[in-house]
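First up is the structure itself, then whatever we jot down about it.
Quick caveat: nothing in here was measured; it's all calculated off a predicted structure. Quick note on labels: first sequence line is chain A, next is B, and so on, each numbered from 1.
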Amino acid sequence: MKVFQAILGFWLTAVILCAFLFPIVPEITRWYEFPVIPGLEQKARILFFHVPLAWTSVVGFVVSVIFAIRYLRTKKLDDDIRSSSAAGLGLLFCALTTITGSIWAKFSWGSFWNWDPRETSIFVLLLIYGAYFALRSSVQEDDKKATLAAVYAIIAGVTMPFLMFVMPRIIASLHPDPIINTQGKVSMNGTMLTVFLSSLAGFTGLYFWIYSLTVRLARLEFKRSSEGE
Amino acid sequence: MTLVQLTASGLRKDFNRRPVFSDISFQLRPGQTLAVAGRNGSGKSTLLKIVASLLSPTAGTVTLTVGGNEVPARWMFRHIGMVAPYLHLYEEFTALENLSLIDRIRGAAHTAAEYEKLLAMVSLERRKHDVVRTFSSGMKQRLKYALAWMERPGLLLLDEPRTNLDADGISMVRSLFEEQRRDGIVIVATNEEDDAVMCDDTIEISAPRRGGMPPPAGEGS
Amino acid sequence: MKKGGFLGVTAAVFRKDTSSEIRTRYALNALFLFTVTTLSIILFSFQSSTVPVQVHAGLLWVLIFFAAMSGLSRTFITEEDRGTILLLKLSTISTPVYYGKLLFNVLLLIALTAILTVLYAMVLPGFIVLSVPTLCISLFLGTVGLASASTIIGALIAKANARGTLYPVLSFPIVLPLLLTVIRATTIAMEQEGWDAAMDEYRVLISYILAINAASYLVFEYIWKD
Amino acid sequence: MNVKIILAVVVIIAAMWFGYESFVETNVEYSNFGTAESVQKKVQVKGTWVQERETKFDADRSVFTFYMVDEDGRLEHVVFDGAKPNNFEIADAIVVKGKYHDGSFYAEDILTKCPSKYEGTSETVQKTL
């Protein structure tokens, strides 16, 4: 664990330094230079944070649904702790994605919010997370809370993909094609791609590190409240 | 009716991780009756609900066997009749409709004559076409007995059996009780000495810790 | 239908709910008042101004959505509130209860949607439909999907507190893909002829209905127990 | 029990695939200048800026005008009540929202689609410029 923390800390520091400090030049001559992206210039750097954040918020949702399913099968409250911790972190990352995306949208598309399909999808994911916690807070009894929350996470997990493919037909997307797209082609400069993928890996690592801390904390609180009074 | 055998072993129930009761085990064969006693809030109703498979225990198992075959928990209701204060009737329907609608939902179809007989048994035959909303609480209690008795269950669960009943009603309950104990099982949760002495056996439940548990919201005693 | 068969029990639950609704009119009264008040508000605010086609389609579905929310959650909530859910649990298993109530909700919402649409078309002359078959298919599929989502959310809500505020919060993200698709289909019905102009929308609606019902079937058992 | 779960999961996945397929088959719907002219309502038109034609910003009235070609190749004069948007020149595509009347498209909003290529080779730069 200690080793993992150290590596993660070093890794993310390196990623952040590279993302902010590598110069953006018109003609690349050295390995540490980023190309000029017309229309983005310095703003291109947000790519290294926005996309990994979006990615982790989806990871959070998927982890939450997986443990929700497991809770319903095992009825062990520990699975509920994992599920709700994953959702809590997912909510945080989802909010950060929305904010970074909205800032990017302002400078690239001209408005903070345009109900672009991606914006709508991430907004609805935010709503789902919100609803999940609203439901949890309205039930007092542990088992019931866990069951209802798990059921809601699963129903939302089933309907969410529909939104992702329905939305783009309602409004055209201005959002760039996904970096990791279906054609298997990556249109990115090598240095940028390396930093980007390192950032993706770093944020995923960060997610799972915070996740393990949250789970540990929740378990301790759980234990304390069972022994309390 | 079918001969049933009931085994409860190591039952424990926690509400929000605080134990209501723990380590309750018993075994009942046809003809045996059991009283569950304990102070208010000690979890008598909770235990009954667990036996009826309406609640799942935190630990332990309830097994119901019919003719030597174990009944899966989700099908246990077929062999159970229950009367309890927290069990409510459809107030917008008449006594007769309550019987026939529930009968259909149970997937059975008794004849009109059988409904009449049941209603006569609980002395409601003259009010059978009145909606339950107009009933007194004692009459509602009587109708619950008719519903519980309809399928001639192997296992009869009575929570506070004499709630709201007059002397006539109590003697009706007694005769049902005697009828059931001939070849069935009865479990009675009660605060009353009189009910407990009728039974072969009594288990006293109490919270495993000092300072009894407050009952969970919406529970009877 | 064999005695105790799945369909027989489902029909019995449906019958019980229907007769109960006829006696008590819990949902019907709420729905009727809702329809009258919202329609008159729309009528007053539009007066004689012309409104774009999409606004009509959207408005109609906003009406149906909120009507569904005010009426359809009741089937499970009344059982829970009145303590009759235990009687049901002592009488049958989860699946027929779920499907009985789903059937009740679907039929109730179909009737409501039909009345609402006719009233809407009568009071708002701007609501002109080029393809009645497209409209009917869209309304039907949208209604079935909305009722399916409302039923499972209603079952969830019945177990929680603060239901009034929780219901729209929980259902909106779930039904949004359905609403967006069906509004599009309704718009197509108003703009284009031929029943198959909205074929892609039908496909999305059908797949939504299948997916949410399969998921509900899997999870309802867990809500039912405890 | 397990058979039921597998069956239900298969139904869910099949349903999603069925819905997804119908999405892949149809393209994103944009209006073009042709429909914009005929429907008299607010539409979204996607196209590209024509740099050869006159593009100017009238600072006094704060009106930005330019020419744009829609995806069907129809050229129209676009009037936008506001300043030139960011990235206008280098955008992959431009989406204008507004109404068509009297020979011009009056945009209420202009959105510029940002490039989805992060290569920055001179070839890409040439293409977008």
Side-chain angles (χ1 to χ4, degrees), chain B residues 13 15 45-46 48-50 52-58 72-94 97-110 131-133 140 143-144 147-148 150-151 153 155 157 159 216-220, chain C residues 1-29 74-75 77-101 103-104 158-162 220-226:
Chain B
K13 182 66 184 175
F15 276 110
S45 298
T46 306
L48 245 62
K49 284 182 185 171
I50 289 173
S53 190
L54 293 171
L55 270 184
S56 19
T58 309
R74 61 202 296 255
W75 292 107
M76 264 163 63
F77 66 87
R78 288 194 163 167
H79 307 280
I80 291 171
M82 189 168 184
V83 176
Y86 40 83
L87 189 72
H88 293 281
L89 303 159
Y90 289 102
E91 306 229 326
E92 67 274 25
F93 294 131
T94 67
E97 285 168 334
N98 263 291
L99 287 184
S100 67
L101 286 169
I102 291 298
D103 197 25
R104 292 238 165 67
I105 291 174
R106 281 182 185 162
H110 290 87
V131 289
V132 172
R133 197 184 304 113
K140 287 178 191 166
L143 187 54
K144 289 182 201 170
L147 271 170
M150 188 156 56
E151 289 280 325
L155 171 60
L157 301 173
D159 197 343
E219 296 290 307
Chain C
M1 265 180 254
K2 81 176 203 287
K3 174 190 156 182
F6 170 75
L7 287 178
V9 176
T10 305
V13 173
F14 172 71
R15 238 178 76 142
K16 186 215 69 122
D17 276 7
T18 316
S19 5
S20 171
E21 185 54 46
I22 290 167
R23 292 274 166 89
T24 60
R25 300 210 182 85
Y26 277 135
L28 287 180
N29 283 343
R74 295 223 58 89
T75 40
I77 290 180
T78 48
E79 301 273 6
E80 201 75 38
D81 280 354
R82 299 190 295 165
T84 49
I85 191 94
L86 282 183
L87 199 58
L88 273 186
K89 283 186 179 176
L90 282 169
S91 306
T92 187
I93 54 169
S94 60
T95 323
V97 173
Y98 182 73
Y99 283 107
K101 287 186 181 295
L103 186 65
F104 173 77
K159 302 275 178 186
N161 307 324
F220 181 69
E221 174 101 39
Y222 300 100
I223 309 179
W224 178 249
K225 185 100 188 185
D226 295 320

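Neither the backbone nor the side chain of Ala84(B) comes within less than 4.5 Å of any heavy atom of chain C. Contacts of Ser20(C) with chain B are made by both backbone and side-chain atoms, with heavy-atom separations under 4.5 Å. Contact annotation for Arg23(C): only side-chain heavy atoms (C-beta onward) come within less than 4.5 Å of a heavy atom of chain B. Both the backbone and the side chain of Ser19(C) come within less than 4.5 Å of a heavy atom in chain B.
Figure legend: Lys101(C) and Phe220(C) shown without cation-pi pairing, the cationic atom not lying both under 6.0 angstrom from the six-membered ring centre and within 45 degrees of its axis.
The heavy-atom pair separating Asn98(B) from Phe93(B) by the smallest distance is ND2-O, 3.6 Å.
Most heavy-atom pairs under 4.5 Å with chain B, from the set Gly83(C), Ala12(C), Ser91(C), Ser94(C): that is Ser91(C). Between chain B and the options Thr10(C), Thr78(C), Leu86(C), the largest number of non-hydrogen pairs under 4.5 Å is found for Leu86(C).
Between Lys140(B) and Glu91(B) a salt bridge is recorded (basic side-chain N to carboxylate O distance below 4.0 Å). A salt bridge is absent between Arg78(B) and Glu151(B); no separation between the charged side-chain nitrogens and carboxylate oxygens falls under 4.0 Å.
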Discussion item. Pair Ser53(B), Lys225(C) - check side-chain hydrogen bond (donor to acceptor under 3.5 Å, both in side chains), show working.
Written reply: CA-CA 9 Å; Ser53(B) 190; Lys225(C) 185 100 188 185; 3.3 Å; yes

